S.K.: 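One structure, pasted below without further comment.
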Amino acid sequence: MPDKKIYTDSAIEIKEVYTPADVPFASQIEMPGAFPFTRGVQEDMYRGKLWTMRQYAGFSTAEESNKRYHYLLSQGVMGLSVAFDLPTQIGYDSDHPLAEGEVGKVGVAIDSIEDMQTLFSGIKLEEVSTSMTINATAYILLAFYVALAKKQGADLRKIAGTIQNDILKEYAARGTYIYPPQPSMRIITDIFEWCSKELPKWNTISISGYHIREAGSTAVQEIAFTLSNGKAYVKAALDKGLDINVFGRRLSFFFNSHNNLFEEIAKFRAARRMWASIMKELGATDPRAMMLRFHTQTGGSTLTAQQPQNNIARVTVQSLAAVLGGTQSLHTNGFDEALSLPTEEAARIALRTQQIVAFESGAADTVDPLAGSYYVEALTNEIEQKAYELIATIDAMGGSVSAIEEGFIQDAIARSSYDYQRKIESGEKIIVGVNKFQTTEKDTTPVFKIDDSIRQVQSQKLAQLRNNRNPAKCDQVLQDLSDKATGGENIMPTVIEAVEHKCTLGEIADTLREVFGEYK
């Protein structure tokens with residue numbers, strides 16, 4: 001009887017046993033901290049410094065989110081990670097008709113510099129690293145953050161953090177875009193240019209595979225599409241005349257970590273090696289500009305509403321994959337996130353999961369502990385090869401922007417998502433507690449609900465803000481922004497000036513809507 005064939009989630013066949021013959025390049029011993037960085041971007045990795053432990057948080061008002069940030073900091077998080085509500089993500093103030101029913105629901109509502117000040121009340125921006133999951137309005141949220149740092153008297157050269165700012169994956173996988181692709185790329189390169197001079201420690205983009213994976217891609221597609229998008233951003237910056245060795249150091253990535261432990265570890269190792277080669281081909285000579293540094297979040301789409309406590313085990317496996325794969329920072333999901341935003345208890349357990357991996361598991365004690373494993377090395381090579389094949393197809397179409405405009409990337413993700421769901425429904429893919437090992441007990445997990453009255457609170461704050469500002473000055477600075485956007489000048493200094501004069505997020509986003517139009 002022939003052996004049963006077993007495959008990874010990316011349809012890579014897994015052999016029963018691996019030998020040196022499966023790793024023909026094993027004699028070429030690579031070291032961590034050296035090109036092509038397969039084994040990690042630092043020589044000593046976590047022996048020198050643990051990954052940054054973040055917990056993604058943001059809900060309701062700035063006041064409520066601020067309380068959660070202080071709680072998380074007291075529990076040992078090393079960096080904050082801000083979730084914004086849908087109106088903030090797509091450039092609408094909380095009192096806009098299209099914001100109804102969404103204010104404060106999937107993240108915090110930030111309409112103005114005053115909200116940003118409340119969000120970080122009692123937190124010195126010079127002393128904390130902040131990641132902001134924001135894309136179409138990233139330029140405005142960064143301006144709020146910079147204006148607040150200036151208000152605090154901070155040295156902008158010491159301000160550290162990341163804006164996601166990855167618009168290409170929004171068109172392909174997530175949908176919170178505003179402007180068409182070309183002007184969106186222009187805004188991103190303006191941010192690159194401004195930050196390289198004024199905010200040198202800030203990561204200007206987090207090129208994101210996370211949402212591509214959440215939309216249903218395979219691990220191979222996740223890194224292929226993400227690195228292809230990365231190439232598009234680098235080429236846009238080069239076309240603007242920026243120095244790849246300067247802006248290349250401030251590029252970061254954001255990946256998903258799913259349940260197939262070894263495939264995920266191999267994915268992270270392959271992505272590092274591929275990006276180093278891609279950047280070298282594009283002209284980088286500084287090794288720091290060739291390093292793929294990445295944040296990881298455990299897989300939201302892997303969490304189940306059935307038997308939600310099982311998600312603690314899933315998140316543990318995913319955390320281990322991220323650490324063994326060499327992540328620079330990590331967010332672990334709450335076990336209840338298939339039901340609601342995480343409760344305080346779920347957020348604490350998620351953080352403790354990271355701390356147990358860090359301090360009890362031994363996974364952080366040596367660099368790239370799975371290097372030399374015939375299986376992991378062979379899988380790393382195979383994922384790299386398959387991802388390069390996909391990138392070659394995208395390059396032949398003219399790059400990521402063209403591939404998205406033609407629907408190629410969206411269609412590929414949709415097909416993979418359909419195949420995965422079909423396997424679950426047929427029982428070919430087992431999800432514990434969902435299609436096997438079910439129970440009949442009623443789930444009693446408490447859920448975290450956001451009240452609709454938040455919109456009223458935010459609308460009152462906006463009315464007060466508009467009454468306490470100089471309307472003529474606001475009109476003037478918004479006109480200046482329109483002129484800069486039309487004329488091709490860097491918009492960032494004017495956006496910062498606008499938020500300092502209490503212009504709202506919606507007003508700034510609308511000013512550019514009038515110049516660039518909206519993507520439909």
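Since the model is a prediction, treat every value here as computed from it, not as a measurement.
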S.K.: Any side-chain heavy atom of Trp194 within less than 4.5 Å of one from Ile496?
M.R.: yes
S.K.: Decide side chain to side chain donor-acceptor pair (under 3.5 Å) for Ser208 and Lys169; before the verdict, give the C-alpha distance in whole Å, the side-chain angles of both, and the deciding distance to 0.1 Å.
M.R.: CA-CA 7 Å; Ser208 175; Lys169 66 95 178 52; 4.8 Å; no
S.K.: Checking Val146 against Leu199 for the side-chain contact (heavy atoms from CB on, under 4.5 Å) test, could you report, in this order, the C-alpha distance in whole Å, the side-chain angles of both residues, the deciding distance, and whether it holds?
M.R.: CA-CA 9 Å; Val146 168; Leu199 221 62; 4.0 Å; yes
S.K.: Which heavy atom of Gln328 sits nearest a heavy atom of Leu292, and at what distance?
M.R.: OE1-O, 4.1 Å
S.K.: Any side-chain heavy atom of Leu330 within less than 4.5 Å of one from Met53?
M.R.: no
S.K.: Any salt bridge (Lys or Arg N to Asp or Glu O under 4.0 Å) involving residues 239-248? Give me the pairs, sequence neighbours left out, ordered by first then second residue.
M.R.: Asp190-Lys240
S.K.: For residues Pro20 and Tyr374, determine if any side-chain heavy atom of one lies less than 4.5 Å from a side-chain heavy atom of the other.
M.R.: yes
S.K.: Start with the C-alpha distance between Arg422 and Glu425, add both sets of side-chain angles, then the distance that settles salt bridge (Lys or Arg N to Asp or Glu O under 4.0 Å), and finish with yes or no.
M.R.: CA-CA 5 Å; Arg422 187 180 49 74; Glu425 289 175 12; over 6 Å; no
S.K.: Can you tell me which residue pairs pass the salt bridge (Lys or Arg N to Asp or Glu O under 4.0 Å) test with a partner in residues 387-407, sequence neighbours excluded?
M.R.: Lys231-Asp395
S.K.: Is the number of heavy atoms from other residues, nucleotides or ligands under 6.0 Å of Tyr7 OH greater than 12?
M.R.: yes
S.K.: Please check if atom CD in Glu100 has more than 12 non-hydrogen atoms from other residues, nucleotides or ligands closer than 6.0 Å.
M.R.: no
S.K.: May I ask you to check whether over 12 heavy atoms, not counting those of Lys280, lie within 6.0 Å of atom NZ?
M.R.: no
S.K.: Closest heavy-atom contact between Val367 and Met45?
M.R.: CG1-CG, 3.5 Å
S.K.: Determine the minimum heavy-atom distance between His258 and Gln318, stating which atoms define it.
M.R.: O-CG, 3.2 Å
S.K.: Can Ser301 and Glu214 be said to form a side chain to side chain donor-acceptor pair (under 3.5 Å), step by step?
M.R.: CA-CA 6 Å; Ser301 62; Glu214 288 292 286; 3.2 Å; yes
S.K.: Quick one: are Met492 and Leu142 in side-chain contact, heavy atoms under 4.5 Å?
M.R.: yes
S.K.: Between Tyr519 and Tyr171, is the gap from one ring center to the other below 6.0 Å?
M.R.: yes
S.K.: Mind checking whether Thr304 and Arg314 have side chains closer than 4.5 Å, heavy atoms only?
M.R.: yes
S.K.: Looking only at the aromatic ring of each residue, does the gap between the centers of Phe294 and Phe268 stay below 6.0 angstrom?
M.R.: yes
S.K.: Is the distance between the ring centroids of Phe37 and Trp275 less than 6.0 Å?
M.R.: no
S.K.: Going by salt bridge (Lys or Arg N to Asp or Glu O under 4.0 Å), name the pairs with one or both residues in residues 193-209, residues two or more places apart or in two chains.
M.R.: none
S.K.: Quick one: side-chain contact (heavy atoms from CB on, under 4.5 Å) partners of Glu102, sequence neighbours excluded?
M.R.: Leu86, Pro87, Lys105
S.K.: Residues two or more places apart in sequence or in another chain: which of them pass side-chain contact (heavy atoms from CB on, under 4.5 Å) with Ser196?
M.R.: Val246
S.K.: Once side-chain contact (heavy atoms from CB on, under 4.5 Å) is applied, do any residues pair with Pro369, and if so which ones, sequence neighbours excluded?
M.R.: Leu324, Thr366
S.K.: According to salt bridge (Lys or Arg N to Asp or Glu O under 4.0 Å), who are the partners of Lys15, at least two apart in sequence or on a separate chain?
M.R.: Asp22
S.K.: Just so I know, are the side chains of Phe335 and Leu303 near enough to count as touching, which here means a heavy-atom distance under 4.5 Å?
M.R.: no
S.K.: Looking at side-chain heavy atoms only, is the closest gap between Asn229 and Ile404 below 4.5 Å?
M.R.: yes
S.K.: Give the intermediate values and the outcome of side chain to side chain donor-acceptor pair (under 3.5 Å) for residues Asn256 and Gln297.
M.R.: CA-CA 5 Å; Asn256 208 312; Gln297 182 174 338; over 6 Å; no
S.K.: Please list all pairs meeting ring pair (Phe, Tyr, Trp, His ring centres under 6.0 Å) that have one or both residues in residues 386-414, counting only residues at least two apart or in different chains.
M.R.: none
S.K.: Do Tyr18 and Tyr375 have ring centres separated by under 6.0 Å?
M.R.: yes
S.K.: Enumerate the residue pairs fulfilling ring pair (Phe, Tyr, Trp, His ring centres under 6.0 Å) with a member in residues 228-247, sequence neighbours excluded, ordered by first and then second residue.
M.R.: Phe192-Phe247
S.K.: Quick check: closest heavy atoms across Ser94 and Ala109, and the distance to 0.1 Å?
M.R.: OG-CB, 3.8 Å
S.K.: Taking salt bridge (Lys or Arg N to Asp or Glu O under 4.0 Å) as the test, write out the residues that go with Asp93, two or more places apart.
M.R.: Arg466
S.K.: Evaluate the criterion side-chain contact (heavy atoms from CB on, under 4.5 Å) for residue pair His295 and Thr162; output intermediate values, then yes/no.
M.R.: CA-CA 10 Å; His295 170 70; Thr162 305; over 6 Å; no
S.K.: Would you please test Ser228 and Ser400 for side chain to side chain donor-acceptor pair (under 3.5 Å) and show each step?
M.R.: CA-CA 6 Å; Ser228 186; Ser400 272; 3.0 Å; yes
S.K.: Contact between Thr218 and Asp9 at the side-chain level, heavy atoms closer than 4.5 Å - yes or no?
M.R.: no
S.K.: Considering residues at least two apart in sequence or located in another chain, which fulfil the salt bridge (Lys or Arg N to Asp or Glu O under 4.0 Å) criterion with Glu377?
M.R.: Arg269
S.K.: Apply salt bridge (Lys or Arg N to Asp or Glu O under 4.0 Å) to Glu13 and list each qualifying residue two or more places apart in sequence or on a separate chain.
M.R.: Lys5
S.K.: Between Glu222 and Arg213, does the salt bridge (Lys or Arg N to Asp or Glu O under 4.0 Å) criterion hold? Intermediate values first, please.
M.R.: CA-CA 6 Å; Glu222 180 188 353; Arg213 192 67 177 280; 2.8 Å; yes
